[in-house]
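Note sheet for the following structure.
As the structure is a computational prediction, the values presented were derived from the model and not from experiment.
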Amino acid sequence: MSRRTLAGGLAMAAALPLTALPAVAEQASVRFPSAKFPLGTGQVPAKKAIAVTQGIDLYDVKAGTSTDGYTVTVLMPSGRDYGKQATAEARAAEVEAAGETPSVQKVIRPSVADAPSQTVYMVRVGLWSLKDKKKAEKTADTLKDAGLKVKVDYLGDDGLKTTGPWDVKVVMIDAKTFRGSYVASLGTSVAKRETVSSMAKARHALVGVNGGFFNIHTAKALRGEPVGASVVGGKLLSEAVPGRTAVVLKGRTARITELETAVTATSQDGQRTEVNGVNRAAATDELVLYTEEYGAKTPTGGTDAVLDANGKVVALRESGAAVAAGTRVLHGNGLAAEWLFEHVFQDWTVRVDTKVVDLRTDRALKLTPDLNVISGGVGLVRNGKVKITAKRDGHDSMNMILRRHPRTLLGVTGNGSLILATIDGRKPGETVGANFHEAAQFMRWLGAKQAINLDGGGSTAMVVGKKVVNHPSDGAERAVGDALLVLPK
């Protein structure tokens with residue numbers, strides 16, 4: 001079957017099992033590596049290649065074997081599964097008093113570019129094979145009856161030495177032959193979470209992956225809000241966390257950088273003030289801009305100035321109402337509400353200026369309709385070298401750096417080709433996921449000169465031709481905050 005025929009039949013082909021699709025020749029400018037898999041014992045992975053359309057290939061990759069089993073981990077008084085050596089030894093004594101044999105395990109969390117290594121200690125009891133999980137659970141119950149807090153752990157999740165296995169999906173998009181474009185999508189609104197499948201279907205996307213982290217620490221109805229910068233169609237819909245990693249999409253180009261944003265409001269009387277946020281819950285004394293894409297009511301307990309497309313104040317109202325189509329709302333409470341009372345009046349004009357600055361070039365991005373931005377989770381690779389910026393990007397914990405999770409990864413090659421990958425995890429015996437260092441090594445192996453970690457865990461999803469091609473760890477596709485979509489034009 002020719003590439004043209006396969007592309008034309010993508011909707012039908014996507015409904016077929018992956019093995020029913022034909023393999024294709026490698027591309028000229030972005031190729032799947034022939035070297036051994038970079039993780040585990042370095043075996044040559046098994047792979048199947050599928051032509052999605054001109055310039056886009058999907059690879060289904062399997063590597064490694066299952067040798068990890070289960071253990072029982074004893075929690076520290078803090079509730080964590082690790083602590084200082086003295087704390088761990090005291091816990092081990094309690095385990096012995098309960099009639100079980102503990103081991104105190106020294107664990108070193110490796111350093112990253114902006115945070116040093118960390119040495120901690122864990123208390124563990126027993127070792128069981130993959131098929132003997134119930135025996136581990138029985139021991140855990142015995143320790144619980146003795147008053148200890150414990151959990152059953154699959155050792156493949158630890159982030160230490162493993163043989164795998166790994167179940168990976170990789171999309172390679174050739175900068176020389178692909179003729180479509182890349183966009184960001186927040187779905188029907190900023191506040192609402194949606195599946196990648198839903199967002200991809202709405203835009204007739206060829207490929208879609210979940211985007212950055214979203215705010216799970218806000219009101220339930222607002223949890224689609226991205227944590228960090230979001231630009232859709234040239235419009236800033238969520239402000240940056242200053243200095244954090246993001247991917248800038250323009251047409252069929254993708255670039256990884258760090259961003260900061262600035263939004264200001266200038267009233268007709270010349271008074272100017274900072275706008276603290278965009279399309280999120282407002283803290284005390286904050287001025288927040290809400291756009292029609294917000295999809296929720298403004299917060300109660302403040303003042304709203306409703307602006308039309310030209311910045312004219314068409315209404316001043318108590319807050320707590322929806323943002324009408326064609327309008328924006330400046331919402332203030334506390335000191336910010338006082339600024340609105342003093343400087344914003346009916347039929348006056350308020351100019352809202354938005355600036356998105358690329359910190360690698362120290363230049364403002366032009367907010368044109370073809371510009372999109374997705375906030376990444378953690379920088380992994382810069383200029384071809386591993387550079388994990390976990391602290392700067394807000395994820396320098398033991399759990400995020402060392403332990404293995406499902407991952408959604410994005411990389412850019414030297415010639416500007418785009419690599420999207422999902423590494424499934426949390427499936428003992430089937431796939432172990434990856435930690436940050438493993439994710440960085442994997443993206444370098446694929447040929448990425450720049451790479452970032454997007455949201456992962458249960459959010460990890462890849463959609464190709466209307467089909468979710470990976471295996472989300474929740475057992476079903478999770479609704480997420482935003483997505484990166486690859487469009488046919």
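Here Glu292 does not pair with Arg328 in a salt bridge; the nearest charged N to carboxylate O distance is not below 4.0 Å. Between Lys169 and Asp167 there is a salt bridge, since a side-chain N of the basic residue sits under 4.0 Å from a carboxylate O of the acidic one. With salt bridges taken as basic N to acidic carboxylate O contacts below 4.0 Å, one links Glu286 and Arg280. For Asp158 and Arg124, the salt-bridge test passes: some basic side-chain N is under 4.0 Å from an acidic carboxylate O. Checked for salt-bridge contact, Asp474 and Arg478 meet the test: a charged N lies under 4.0 Å from a carboxylate O. The pair Lys355-Glu260 does not count as a salt bridge, with every side-chain nitrogen at least 4.0 angstrom from each carboxylate oxygen.
Without hydrogens or angle criteria, Thr354 side chain to Val263 main chain gives no donor-acceptor distance under 3.5 Å. No donor-acceptor distance shorter than 3.5 angstrom exists from the side chain of Arg426 to the backbone of Thr431, with no hydrogens or angles considered.
Heavy atoms from other residues, nucleotides or ligands lying under 6.0 Å from CD of Glu318 number 12 at most. Annotation: Arg363, atom CZ; neighbour count of heavy atoms from other residues, nucleotides and ligands within 6.0 Å does not exceed 12. Environment of CZ in Arg80: sparse, with no more than 12 heavy atoms of neighbouring residues, nucleotides or ligands closer than 6.0 Å. The neighbour count for Arg272 CZ, taken as heavy atoms of other residues, nucleotides or ligands under 6.0 Å away, does not exceed 12. By the 6.0 Å contact criterion, NZ on Lys84 is open, its count of non-hydrogen atoms from other residues, nucleotides or ligands being 12 or less. Counting non-hydrogen atoms of neighbouring residues, nucleotides and ligands closer than 6.0 angstrom, the NZ atom of Lys449 reaches no more than 12 such neighbours. By the 6.0 Å contact criterion, CG on Asp347 is enclosed, its count of non-hydrogen atoms from other residues, nucleotides or ligands being greater than 12. Shown here is Arg203, whose CZ atom has no more than 12 heavy atoms of other residues, nucleotides or ligands within 6.0 Å.
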query: Does the pair Lys151 and Asp153 meet the rule for a salt bridge (Lys or Arg N to Asp or Glu O under 4.0 Å), with working shown?
result: CA-CA 6 Å; Lys151 63 176 181 172; Asp153 266 339; 3.7 Å; yes
message: If you apply the rule side chain to side chain donor-acceptor pair (under 3.5 Å), what do you find for Arg244 with Thr389, and how did you get there?
response: CA-CA 9 Å; Arg244 288 195 179 173; Thr389 50; over 6 Å; no
message: Could you go through Ser189 and Glu293, starting from their C-alpha distance and side-chain angles, then the distance that decides it, and tell me whether this counts as side chain to side chain donor-acceptor pair (under 3.5 Å)?
response: CA-CA 5 Å; Ser189 71; Glu293 293 85 2; over 6 Å; no
query: Can you check side-chain contact (heavy atoms from CB on, under 4.5 Å) on Asp157 and His405, steps first, answer last?
result: CA-CA 7 Å; Asp157 292 338; His405 301 282; over 6 Å; no
message: Pair Val329, Leu289 - check side-chain contact (heavy atoms from CB on, under 4.5 Å), show working.
response: CA-CA 6 Å; Val329 173; Leu289 175 68; over 6 Å; no
- request: Take Asp308 and Thr327, measure what side chain to side chain donor-acceptor pair (under 3.5 Å) needs, and give me the verdict at the end.
  value: CA-CA 5 Å; Asp308 69 11; Thr327 69; over 6 Å; no
field: Leu409 vs Leu380, side-chain contact (heavy atoms from CB on, under 4.5 Å): CA-CA, chis, key distance, verdict
entry: CA-CA 9 Å; Leu409 308 169; Leu380 297 176; 3.8 Å; yes
- request: Check step by step if salt bridge (Lys or Arg N to Asp or Glu O under 4.0 Å) holds for Lys297 and Asp304.
  value: CA-CA 11 Å; Lys297 294 180 179 180; Asp304 286 351; over 6 Å; no
- prompt: What do the steps show when you test Thr408 against Thr460 for side chain to side chain donor-acceptor pair (under 3.5 Å), and what is the final call?
  reply: CA-CA 6 Å; Thr408 302; Thr460 287; 3.0 Å; yes
task: Using the salt bridge (Lys or Arg N to Asp or Glu O under 4.0 Å) rule, take Glu438 and Arg407 through it: C-alpha gap first, then chi angles, then the decisive distance, then the call.
output: CA-CA 10 Å; Glu438 291 169 336; Arg407 301 284 178 188; over 6 Å; no
task: Test side-chain contact (heavy atoms from CB on, under 4.5 Å) on Val170 and Ile419 and set out the steps.
output: CA-CA 7 Å; Val170 178; Ile419 301 171; 4.0 Å; yes
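Taking the six-membered ring for Trp and the full ring otherwise, Phe178 and Tyr182 have centroids separated by under 6.0 Å. Here the two rings, on His395 and Phe213, have centers that are under 6.0 Å apart.
Put simply, NZ on Lys192 and CG on Leu186 are 13.0 Å apart, with the number rounded to the nearest 0.5 Å. Here CE of Met76 is found 7.5 Å from CE of Met122. Values are rounded to the nearest 0.5 Å.
Every side-chain hydrogen bond (donor to acceptor under 3.5 Å, both in side chains) that Arg351 has, sequence neighbours left out, goes to Asp353.
At a cut-off of 3.5 Å, with distance as the only test, a side-chain donor of Asn279 or Thr291 sits close to an acceptor on the other residue. Looking at Glu239 and Thr261, their side chains never bring a donor and an acceptor atom within 3.5 Å of each other.
Ring geometry, His331 versus Tyr290: the interplanar angle exceeds 60°, so the pair is classed perpendicular (tilted spans 30 to 60°).
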